[in-house]
2 protein chains.
Amino acid sequence: MSDVPSDSFPDRKRGSGVKLVYDLLRDEILDLTLPPGTPIDEVQLAERFGMSRTPIREALVRLAGEGLVETLPNRSSMVANIDVLNLHTFFDALTLMYRVTTRLAAQHHRPEDLVLIRAHQRAYDAAMRSTDALGMIANNRAFHAAIAEAGRNPYYLTFFLRILDEGRRLLRMYYQSFEDRLPEEFSKEHDAIIAAIEARDIELCDRLARAHADQIIGRIQKVFTRDLRQDIAL
Amino acid sequence: MSDVPSDSFPDRKRGSGVKLVYDLLRDEILDLTLPPGTPIDEVQLAERFGMSRTPIREALVRLAGEGLVETLPNRSSMVANIDVLNLHTFFDALTLMYRVTTRLAAQHHRPEDLVLIRAHQRAYDAAMRSTDALGMIANNRAFHAAIAEAGRNPYYLTFFLRILDEGRRLLRMYYQSFEDRLPEEFSKEHDAIIAAIEARDIELCDRLARAHADQIIGRIQKVFTRDLRQDIAL
DNA sequence: GCCGCAATTCTTGTCGACAAATAAAATACA
DNA sequence: TGTATTTTATTTGTCGACAAGAATTGCGGC
């Protein structure tokens with residue numbers, strides 16, 4: 001409340017308010033700036049963004065539609081919780097989508113797709129070298145999203161993006177637990193996947209995607225079981 | 001405009017307006033009562049439901065989030081079109097979800113799940129015998145949704161429901177083209193799937209689900225290619 | 001008669017305000 | 001002192017109104 005909120009977002013164009021709030025809130029949720037369970041007050045947001053409650057509300061409705069915000073009738077909404085007990089169902093879906101999108105990319109990719117995919121992988125690698133966890137997460141998502149785009153199935157793409165975003169929160173937790181120091185395996189696996197896509201080797205893509213998923217899932221699970229054991233031990 | 005719209009929806013409880021509009025609009029879109037491309041006027045809907053534009057707007061935002069309504073900035077929204085050119089990607093996703101959910105149902109189902117699944121299949125069969133196309137579509141959806149629920153993966157369930165709803169519009173077209181006279185194969189295939197789930201035979205479930213998908217897809221494709229040929233011929 | 005520009009109408013995006021529903025606080029009572 | 005009840009306060013759901021932008025109509029020029 002110390003700064004002047006209305007000056008932070010000067011005269012925006014008509015129709016841009018919702019997108020502004022939506023994008024920012026979404027990022028803050030996925031980066032854990034707003035941890036799960038954080039209550040969301042509409043008036044507070046309205047003051048912060050210097051606009052009426054109406055566009056805020058619309059942004060919240062959209063976020064609720066994506067499952068990032070949970071809303072109880074007549075009561076304050078809050079940032080959606082991460083269902084730790086059902087994590088295995090998430091991992092199952094993640095693995096399947098890794099495999100399917102990578103297979104399809106091997107089948108349907110065009111040369112310009114590979115340029116994009118490689119660019120994201122380079123950015124990922126650079127972020128890794130400078131231990132920039134947020135950059136790694138963003139570029140990892142962009143990398144796999146680009147692969148899914150190359151597969152040219154909008155249904156898989158939409159679903160995969162949703163899974164990846166949900167995973168962004170888990171990855172953030174994972175990286176936090178390692179204090180942003182990270183293994184290099186992921187980057188090498190990315191390179192192998194790119195090569196397999198370029199070679200149009202569908203079966204190899206499948207195996208690599210599955211291994212990549214196993215790699216990530218195994219590490220994340222270790223974090224959560226460790227946390228769980230600590231909770232029980234005390 | 002002949003009846004009295006404000007009397008059709010008498011004093012509803014606070015918070016029920018959005019759901020009312022959302023459910024009804026959704027049904028009308030999926031049943032093709034509102035064909036793809038139909039423009040949606042907010043004031044008109046507000047008058048029809050006897051409420052302000054605010055809840056209408058929220059319902060539209062949610063429908064847009066599900067891809068059932070397309071909205072252009074500062075311009076009237078409209079019922080989403082069906083992308084006939086990318087139908088094969090839809091069929092691909094549908095087949096995969098049929099297989100995955102049926103496999104998972106074989107693994108994780110409990111006795112009470114089968115009761116529900118059987119009930120929906122009986123209702124489907126009854127609707128078929130009385131050539132009630134809308135009833136068939138609704139119960140077909142409920143049947144497969146119940147299988148997905150028995151698989152106990154909320155991510156697959158959400159995605160599958162979305163695919164099934166998108167398919168509801170295609171099925172409606174299909175049934176319309178056959179003037180609501182329908183083949184009995186679907187019902188028999190449903191019975192076989194139930195038996196395989198109960199026997200917990202994962203591989204059989206996979207084969208049956210794939211065959212079921214092929215069956216439906218083949219028939220729908222025939223309708224669309226036939227329409228296409230007519231368009232070209234004239 | 002046709003095309004380009006201006007005025008108007010029409011629809012959406014945003015606003016401020018009010019009322020219902022719930023949560024919190026204060027009070028009364030055993 | 002603890003509990004039930006009333007009162008207050010906070011927060012959401014809905015409303016009517018206004019303004020910006022787009023579509024349409026009307027007008028004038030060629």
Side-chain angles (χ1 to χ4, degrees), chain A residues 1 4-26 29 34 37-81, chain B residues 1 4-26 29 34 37-65 67-80:
Chain A
M1 310 290 178
V4 188
S6 34
D7 286 0
S8 315
F9 305 96
D11 5 334
R12 52 221 133 55
K13 276 170 269 173
R14 171 193 172 89
S16 71
V18 179
K19 183 170 164 42
L20 186 73
V21 177
Y22 171 81
D23 286 338
L24 199 51
L25 270 187
R26 180 189 164 83
I29 292 175
L34 295 177
T38 308
I40 299 178
D41 183 10
E42 294 178 5
V43 252
Q44 190 178 321
L45 282 176
E47 286 172 7
R48 175 180 164 196
F49 287 98
M51 60 179 72
S52 153
R53 271 178 53 221
T54 311
I56 306 282
R57 207 147 212 290
E58 184 172 328
L60 288 181
V61 169
R62 284 175 53 184
L63 288 170
E66 296 177 32
L68 294 178
V69 163
E70 287 168 4
T71 163
L72 303 166
N74 288 320
R75 220 180 349 265
S76 187
S77 1
M78 61 180 210
V79 178
N81 279 104
Chain B
M1 305 290 181
V4 188
S6 34
D7 285 359
S8 315
F9 305 96
D11 354 338
R12 53 223 130 54
K13 274 169 269 173
R14 170 194 172 87
S16 71
V18 179
K19 184 170 162 42
L20 186 73
V21 178
Y22 171 81
D23 286 339
L24 199 52
L25 270 187
R26 181 188 163 82
I29 291 174
L34 295 176
T38 308
I40 299 178
D41 184 10
E42 294 178 5
V43 255
Q44 191 179 320
L45 283 176
E47 286 172 8
R48 175 179 165 198
F49 287 98
M51 60 180 72
S52 154
R53 272 178 51 221
T54 311
I56 307 283
R57 208 147 211 290
E58 184 171 328
L60 288 181
V61 169
R62 284 175 54 184
L63 288 170
L68 294 178
V69 163
E70 287 168 4
T71 164
L72 302 166
N74 288 320
R75 220 178 351 263
S76 186
S77 3
M78 61 181 212
V79 178

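A note on names: the letters A, B, ... follow the listed sequences, proteins ahead of strands, and every chain is numbered from 1.
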Fill in the blank from the handout: Here the distance between atom P of D:dT11 and atom CD1 of A:Ile56, to the nearest Å, is 15 Å

Fill in the blank from the handout: Rounded to whole Å, the CG-P distance (B:Asn74 to D:dA19) equals 16 Å

Handout entry: Whole angstrom value for the distance that separates P of D:dT11 from CG of A:Leu45
Key = 12 Å

Completion exercise
Rounded to the nearest 0.5 Å, the OG1 atom of A:Thr54 sits from the CD atom of A:Glu42 at a distance of 9.5 Å

Handout entry: From CE (A:Met51) to CG (A:Leu45), nearest 0.5 Å
Key = 10.0 Å

Handout entry: Rounded distance [0.5 Å steps], CD1 in A:Ile56 versus CG in A:Leu25
Key = 7.5 Å

Practice task
Find the distance B:Arg53:CZ to D:dG16:P and express it as a whole number of Å.
Solution key: 12 Å

Practice task
Calculate the interatomic distance between B:Arg75 atom CZ and C:dC10 atom P; express it in whole Å.
Solution key: 18 Å

Exercise for the section: Would you classify B:Ile40 as touching base, sugar-phosphate or nothing, given that sugar-phosphate means primed atoms plus P, OP1 and OP2, and contacts are heavy atoms under 4.0 Å? Expected result: sugar-phosphate

Handout entry: Atom pair distance, as rounded to whole Å: CZ in B:Phe49 and P in D:dC15
Key = 13 Å

Handout entry: 5' priority, DNA chain C, between A:Thr54 and B:Arg14 [closest heavy atom]
Key = A:Thr54

Exercise for the section: Using only side-chain N and O atoms of B:Ser76, determine if any of them is under 4.0 Å from OP1 or OP2 of C:dT12. Expected result: yes

Practice task
State, to 0.1 Å, how close B:Met78 and B:Pro39 come at their nearest heavy-atom pair, and which atoms those are.
Solution key: CB-CA, 4.0 Å

Practice task
Using a heavy-atom cut-off of under 4.0 Å over every strand shown, decide if B:Ser16 touches base, sugar-phosphate, or nothing.
Solution key: sugar-phosphate

Completion exercise
Heavy-atom nearest nucleotide on DNA chain D taken for B:Pro73 and for B:Val18; more 5' hit belongs to B:Val18

Exercise for the section: Starting at atom CD of A:Glu42, determine the distance to atom C1' of C:dC15, rounded to an integer number of angstrom. Expected result: 14 Å

Practice task
Specify the separation, in whole Å, of atom CD of B:Glu47 and atom P of C:dT11.
Solution key: 10 Å

